[in-house]
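Predicted model only: the values in this text are computed from it and were never measured. Within every chain, numbering begins at 1; the chains are lettered A, B, ... in the order of the sequence lines, protein sequences first and strands thereafter.
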There are 2 protein chains.
Amino acid sequence: MKEYSSEEEFLKDYNPKEFEQLSMTVDILVVSVSSKDSSNYRKTDKKMMSILLAKREDYPFKDKWCLPGGFLDPKTETLEECAKKVLKRETNLSNIYLEQLYTFDAIDRDPRTRVVSTSFVALVDKNKLKQHVENASWFDVTFIEEKNNVVDIVLDNGNETIKMTIKKVLREKTTDRYDYKTVKNDSLAFDHDKVILSGLERIKNKLNYTDIVFNMMPEYFTLGELQQVYEVILNKKLLDPAFRRIIANKVEKTEKMKTGEGHRPSYLFRYKKNERD
Amino acid sequence: MKEYSSEEEFLKDYNPKEFEQLSMTVDILVVSVSSKDSSNYRKTDKKMMSILLAKREDYPFKDKWCLPGGFLDPKTETLEECAKKVLKRETNLSNIYLEQLYTFDAIDRDPRTRVVSTSFVALVDKNKLKQHVENASWFDVTFIEEKNNVVDIVLDNGNETIKMTIKKVLREKTTDRYDYKTVKNDSLAFDHDKVILSGLERIKNKLNYTDIVFNMMPEYFTLGELQQVYEVILNKKLLDPAFRRIIANKVEKTEKMKTGEGHRPSYLFRYKKNERD
DNA sequence: TAAGTTATTAACAATATGTTAAAAAGAGGT
DNA sequence: ACCTCTTTTTAACATATTGTTAATAACTTA
C-alpha cells in the first residue's frame, strides 16, 4: 500500500470505487387522520388513521401499491432532503413533521440489486393537502393485534382493500423490540408492510411522551376530536376526565365553539407549546 | 423505455448501475460500565459509563480515535450482520445487545466520497471481555449538559483525554428532537461525536421504560451497584426507597451476599425477566 | 317541550412516587 | 469487646398522578 504523509495527499489519490457500492432509497410513511362520517343526522363521525400509498407504474412490483419514495442521488442530497423532495411531490407540502424511522436493508428486499432504504415518518394535517395526487391514494388503516404477537393490518381507500399479516418476534436480549416476519402480503411492494407496522408502532409509542399528535390536527379542534385521535392511535377507549388532565397543559381553550353537532357544543382548543413538560 | 410483460423479464435485463451508487459503513457505540475504585480501604468505587474507541491506522483521519466500524459488503451481508462481525472482531463477543441507532449521511461526513453510515448501540458487560484488543481502548465518559443545550463530553482512557462540544438545536415541528452541531471536536474522526451523543441520549431515554440496563450488569449485583449505574446514566442522584420500588419487579433477591466492603453486607440480586410490565 | 347526545367537571378512589428517618450489620481501629 | 464509620434495608408518611363514577350543562331534532 502506498504511503502518504498527509490527509490532503491521500485524498488526491483516492478512488471512490475502492469499496463495493450500492443504491439507496427513501420511503416515507405519510400519516394523517381522516374522519369517516356516517350519514345519519347526528354526525357521530369516526376518526381513523390514514396513510398515503402510490401505485407503482414500472417494474419491479408493477401495479402494486407502495410507500412514496425514491432513489437517493448521492452526489447532491441527504436522505432527509430526498425525503422532503418526495413529500413535496406527493403532497405539495413542505415544513411538515418528518422523522427518520429505520434503515431497512434485507439483502433481497429489492429484486433488482442491493438497495438499502431509509424510511421516514411524516405527519400531516389532511386539511392542508392539495386535492388530488397523481397515482396516489389515502388508505384508512385498521390495526388488529392478536394476542400471540400477530398483527393484521387492513388498508382501505374506498375502492380497494389491502390486507397483510405480520408476526412480531421478540429480539434476543430485549423485552421490547421485535423483528417482523411477513406472514401474508400480496399487494404491497418491497418490504413496505414492515415499514408501515414499524412506523405505526413508533407513532403509538411517541404519543404519550411527545406532542406529535398536533402535527395531525387542524389549528382548532375540540377535546372530543383530539381524544378520538388518541383512541384510534392507541387502539383503545380512554376515559374523559383522565384524558383531559393528561393533555391539559398541552392545549389552550379559545373563545370559539363548535356547534351544530346535535348535542352540547364544545369549546375549540389550540395547541400550546410548552416551555418544559 | 423498453416494455416488459412480466417481472421476470424485466429483472433479466436490469442493470444494477442504473442509479448512482455509494458506499455504506456501520459504526458501533459499544457501551459498558466500569468501576473506578479509589484506593482507600473503604472501596467507595464510583461507577462510570465507558465506551470503546479504536485508533485509526490509515487515512483519512489517520491516528485519530473513532468508533469501531467497517464498510458494508453489499453482496453478502446486512448492516446488522456487518455490525456483529465488527463486534466480534473488537470484543470477541457475540450474542450481545445490539440496536440500530440512526443513519448518518451528511454529504461531507467522509472526505473521500459519499459514505452513508448506519450506527448501532451495543451494550456489554465488561467482565465478559477478553483482555486486550489491538488498537482499541475503553474511555470513561463524563457528560456535562449546560442549560443552553450545549453538551460537553469528556472521554478518558487513563492516558489520553478527548473533549468535544456539541450544540443541540431543536428540530422544526418538534419539542423533543434535536439536530446536533459540532462546536468543537479535534480528536474524533468523522461525525462520531454526534453518534456518541445520539447513542448516549438513546440509552438514557430507554433506561426508564426498558430493561436494557441489565445488559451492562454482571449476573449477580447489589441494588447499590445497580442504582449507581442508573445514576451515572441519568446523571443525577436517586433516593434509595424510590429507586428500589421502581426496579423491584425487575430483579429477584438471591441467597448470596456481598461482604468485605467495610459496611453492612448486601444481598446479591439477579435480573428477572417479566411477563408483562 | 321532551328525548337523545356529547361536553364538562366535581368528587372520590386507587396507585405511584418523593421524602424522612430509623434500625441493621460488617470492617477497621482501639 | 466495643466504638465508629459506612452503606443496606425498610417503615412510615407526604405528595402527586391517574382511574372511575356520576352529576349537570347545553345543543339539535322530533
When rounded to whole Å, the CE to P distance for the pair A:M257 and C:dT6 reads 16 Å
Nearest whole Å is fine: how far is C:dG28 P from B:H263 NE2? 11 Å
With side-chain contact (heavy atoms from CB on, under 4.5 Å) as the criterion, how do A:D140 and A:M49 come out once you've worked through the C-alpha distance, each side chain's angles and the decisive distance to 0.1 Å? CA-CA 6 Å; A:D140 285 331; A:M49 270 203 283; over 6 Å; no
Taking atom C1' of C:dT20 as reference, at what distance in whole Å does atom CZ of B:F243 sit? 19 Å
Under 6.0 Å between the ring centres of B:Y267 and B:F269? no
On the nucleotide D:dT10, are OP1 or OP2 found under 4.0 Å from the side-chain N or O atoms that B:K253 carries? yes
Does A:Y178 have its ring centroid less than 6.0 Å away from the ring centroid of A:Y180? no
Which of these nucleotides, D:dT9, C:dT9, D:dA12, is closest to any side-chain atom of B:R245? D:dA12
How many Å lie between CD on B:Q228 and C1' on D:dT8, as a whole number? 13 Å
Which nucleotide sits closest to the side chain of A:R244: C:dT20, C:dT8, D:dT18? C:dT8
In whole angstroms, the gap separating P of D:dA23 from CG of A:D240 amounts to 16 Å
Is a donor-acceptor pair below 3.5 Å formed from side chain B:R264 to base D:dT7, judging by atom type as modelled? no
Which whole-number value in Å describes the distance from A:E261 CD to C:dT6 C1'? 10 Å
